[in-house]
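Nothing here was measured: the structure is a model prediction, and the numbers come from that model. Throughout, protein chains are lettered first and strands after them, A, B, ... in sequence-line order, and every chain is numbered starting at 1.
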Amino acid sequence: MVNSHSSSILETRNLNIYYGEKKVIRNVSLKVPKRTVTAMIGPSGCGKSTLLRTFNRMNDFIDIFRFEGEVLFEGTDIYRSKTDVTEFRRRVGMVFQKPNPFTSSIAKNITWGPQINGYRGDLNELVESSLRKAALWDEVKDKLNDSGLALSGGQQQRLCIARAIAMDPEVILMDEPCSALDPQSTLAIEDLIHELKQNYTIVIVTHNMQQAARVSEFTAFLYNGDLIEFDETSKIFSHPAEKLTRDYIVGRFG
Amino acid sequence: MSQIEGTVDNPKRALREQDRSMPDKENRAIFAVNAQRRKLKEQVFYYLIFLATLSALFVLVYLIGSIFSDGWPYLNWDFLTNFPSRFPAKAGFKSAIYGTAWLGCLTLFFSVLFGVGSAVYLQELSAKGRLSSGIELSIATLAGVPSIIYGMLGLGIFVRFLALGRSVLAGALTLSLLILPVIIIASREALKSVPDSIRMGAFALGATRWQTVRDHVLPAAIPGIATGVILAMARSIGEAAPLILLGALTYIAFVPESVFDSFTAMPIQIFNWASRPQAQFHDLAAAGIIVLLGFLLICNSAAIILRSRWRAK
Amino acid sequence: MSSKSQLWAKVSPWQRWREELVLRALFICALISVFTTLGIIYILFGESLQFFAHVSPLDFFFGREWAPMFEPRSFGVLPLVSGTMLIAVGALVIALPLGVGIAIYTAEYATGRWQKILKPTLEILAGIPSVVYGYFALNKITPLLQAIYPDTEVFNAASASLVIAIMILPTIASICDDSIRAVPKAVRDGAYALGTRKSEVIAHIVVPSALSGILASFILAFSRAIGETMAVTLAAGATPKLTLNPFEGVQAMTAYIAQVSMGDVSHGSIEYQSIFAVGLVLFLMTLGMNLLSQFIVKRYARKYE
């Protein structure tokens, strides 16, 4: 498959995930290449979000979560390493399905993460550069002290992306970032993703196949907890190797 | 036995047969008679429960009204600034007001510290386990313990064991324990209503649990917590039973100057006046009640305003 | 990239230590509830044990005379228990139909304006301190009773019952209201579709479906009535007596405890210890009832989910 490509930043090896007795991810081995956009698609309940959340250990908050196998970030096993989990979460940012800005001001939304993680640089500079990278600066530069909740849904989501960027992460995980947004805002976010892949590795979960085709270079298709196929997006959408992938892409189920 | 069944069964069967044989018109007539009776029953039922409801309203109006008519003439500046006296004309409420203010401030401090602390621990930080369920069990138990028993606890632990004596501090600690379950339960509800997406957003930025709670969850829950705290405080201000157990005194002609001074409180003074045989003291009690209800009204209005603001958000 | 990462401090041991300290402190806060519960049990049992060193439990639990102050002393708790029960049962008999009636009205009939009046009314009734109710019972209810029935004593169980009925009314009404509202619409619709009237639906369908909540509210209210102190001390008096006549004065358990602690009783004396023995009986009774009501709620609450 894609093992020959440029060096990988995230990797799972023989990963099995259980929620209680239920096995939700079966023996998935996957390498996410650096500075690319990788999309994860599949019908709802296929485990794509679960898989995404192992990359920054957000599954830790689910009581019944259990796993076998390895999850590597730049070659380090993030579940077994002695390094603090908060350190990994700083370097692997995340954007959620529904925009979830903090109730504080726009500026505070950006600076809080860096502050608690001991950022020593200039915070005002950081606010501006992060908002610029998230293509939000021009819209909010005059109201940095307004509540983050006062923004529109699409702006809130870009604020959340800016918040993630401010942490200077190497990877940004996006869990259906456009599912709660209107088409206009979706377009803005997709443009942003194109910009961001110059500097970051992006893994995006989406149930929208067109979106996967538009934004990603690589696509993983999951079905019922199995990784059915992982390849270049162009190949997945034109000549999928598996019949199941083809059926899903032409809309026969899902 | 079979005969009895038969007699019970027979009329039914007869009725059924009658039904079948009866022309439609007559059948409708039967329903119509029945409908009238049912309509009457419906109205009686409605007025009965409406009367029950009115009775509550009436009691409240009468209670407040009679207390005001008894106590209002006695409510003047002297009453508020005099110390208690053997002579009704000279007796005042000053030491009781000061005592309640002292108790209220200290109780607020302890109960918020311990109550919100435990709520945060139980709702945000604890792992589900035997210890947590033990803590929850004791909170549920404490919520139903009569207030006079808290007084016995305070007498045994604070007054005697910790040798705080009959002091304001002992009283405030006892009242704090009394309202602790209320504050814990209300604070947990407020924390529960903070959406999880806020927590997840913070964790994803590499925050620890405490950082997340301190900077995002707790600030979002504060209006709800404050509402619960105020209502709990209103309850503690009106409590007399535990303070009687602690030996709060009634004839105190001074105001507390430190937490180790002895004290009286509004409900204690009211109780003392109400239990005296002379009618004039009863009217003084009514005047005291007006002051106490005034305090409670302020508390409750604050809670209502907070609650409506919070809902609007 | 590597130069940029110098801007980020590593998590220092000091920071971790501080976080740990905060967690420990909060944990200790949470433990206070456990210590309070244990403290209550320890105090009540500890002092009671000393009491039972002087008075046989048999005499205490089955004795029919309570005379702790005068010689010959007698420590039979039954008159106190019966005084409490007379008052509490009386209160429940009055509050029960009223409370359920109010709950039905607020949940099923009341429209905007009434809703706006009733909820605060009940909240205010619930928020009035019990010493105020005691004053009300002694100064307003008792004269009223004496006007109706002249043999009524100045201190009597009936006025205490009446005033406690008012106090527990909000508890009953609000819990019943909740459980009536919890009966799903589909259940009512099924009945309405048969052409039943509203009162019939309420009496035959809604109230039976909400019965567990209603029952739980009674038990909870009963436990409140038993634990109530100031109103019974002021209104019912201080004469321990085995009687069923509500117009006589009786002494409730709580009133005895209050009476002793207002007097000058020295620590370690038998009177001092006796209040803890009575307190233990009170504690066990209320605890039992609270557990029962919790059990009922847990057992039946999830019926519709």
Contact class of C:Ile40 relative to chain B, heavy atoms under 4.5 angstrom: both

Which of these passes side-chain contact (heavy atoms from CB on, under 4.5 Å) with B:Phe271: C:Val132, C:Thr229, C:Thr233? C:Thr233

Part of B:Leu125 within contact of chain C (heavy atom distance under 4.5 Å): side chain

Contact leader toward chain C among B:Glu239, B:Arg235, B:Arg160, B:Lys39, where contacts are heavy-atom pairs under 4.5 Å: B:Arg160

Of the backbone (N, CA, C, O) and the side chain (C-beta and beyond), which part of C:Glu123 lies under 4.5 Å from a heavy atom of chain B, both, or neither? side chain

With ring pair (Phe, Tyr, Trp, His ring centres under 6.0 Å) as the test, would you mind laying out the steps for C:Phe136 and B:Tyr62 before giving the verdict? CA-CA 10 Å; C:Phe136 185 66; B:Tyr62 179 62; 5.8 Å; yes

Can you say whether C:Leu220 sits under 4.5 Å from chain B via the side chain, the backbone, both, or neither, judging by heavy atoms? neither

Do you know which of B:Leu293, B:Thr53, B:Val120 has the most heavy-atom pairs with chain C at a distance under 4.5 angstrom? B:Thr53

Strictly below 4.0 Å, N to O, side chains only: are C:Glu200 and B:Arg38 in salt-bridge contact? yes

Using non-hydrogen atoms only, which part of B:Ala241 is less than 4.5 Å away from chain C: side chain, backbone, both, or neither? both

Taking side chain as everything from C-beta outward and backbone as N, CA, C, O, which of these in C:Leu98 sits under 4.5 Å from a heavy atom of chain B? Side chain, backbone, both or neither. both

At a 4.5 Å cut-off on heavy atoms, which part of C:Ile166 comes close to chain B: side chain, backbone, both, or neither? side chain

Side chain / backbone / both / neither for C:Thr36 at chain B, heavy atoms under 4.5 Å: both

Just say parallel, tilted or perpendicular for the rings of B:Phe50 and C:Trp114, cut-offs at 30° and 60°. perpendicular

Between C:Tyr133, C:Tyr109, C:Phe283, who has the most heavy-atom pairs with chain B when the cutoff is under 4.5 Å? C:Tyr109

Using side-chain heavy atoms (C-beta onward) and a distance below 4.5 Å, is B:Ile244 in contact with C:Met230? yes

Contact leader toward chain C among B:Ile139, B:Leu63, B:Val61, where contacts are heavy-atom pairs under 4.5 Å: B:Leu63

Under 4.5 Å heavy-atom distance to chain B, tell me which part of C:Ile102 shows up: side chain, backbone, both or neither. both

Roughly how far apart are C:Leu44 CG and B:Leu153 CG, rounded to 0.5 Å? 8.5 Å

By a 4.5 Å heavy-atom criterion (distance strictly below it), what part of C:Glu228 contacts chain B: side chain, backbone, both, or neither? neither

B:Ala119 versus chain C, the contacting section by heavy-atom distance below 4.5 Å: neither

What part of B:Ala286 is in contact with chain C, defined as an atom under 4.5 angstrom from a non-hydrogen atom: side chain, backbone, both or neither? both

C:Glu19 side chain to B:Trp210 backbone, donor-acceptor under 3.5 Å: yes

Part of C:Tyr272 within contact of chain B (heavy atom distance under 4.5 Å): side chain

Search all heavy atoms of C:Ala30 against all heavy atoms of B:Ser118 and return the closest pair with its distance. CA-CB, 3.4 Å

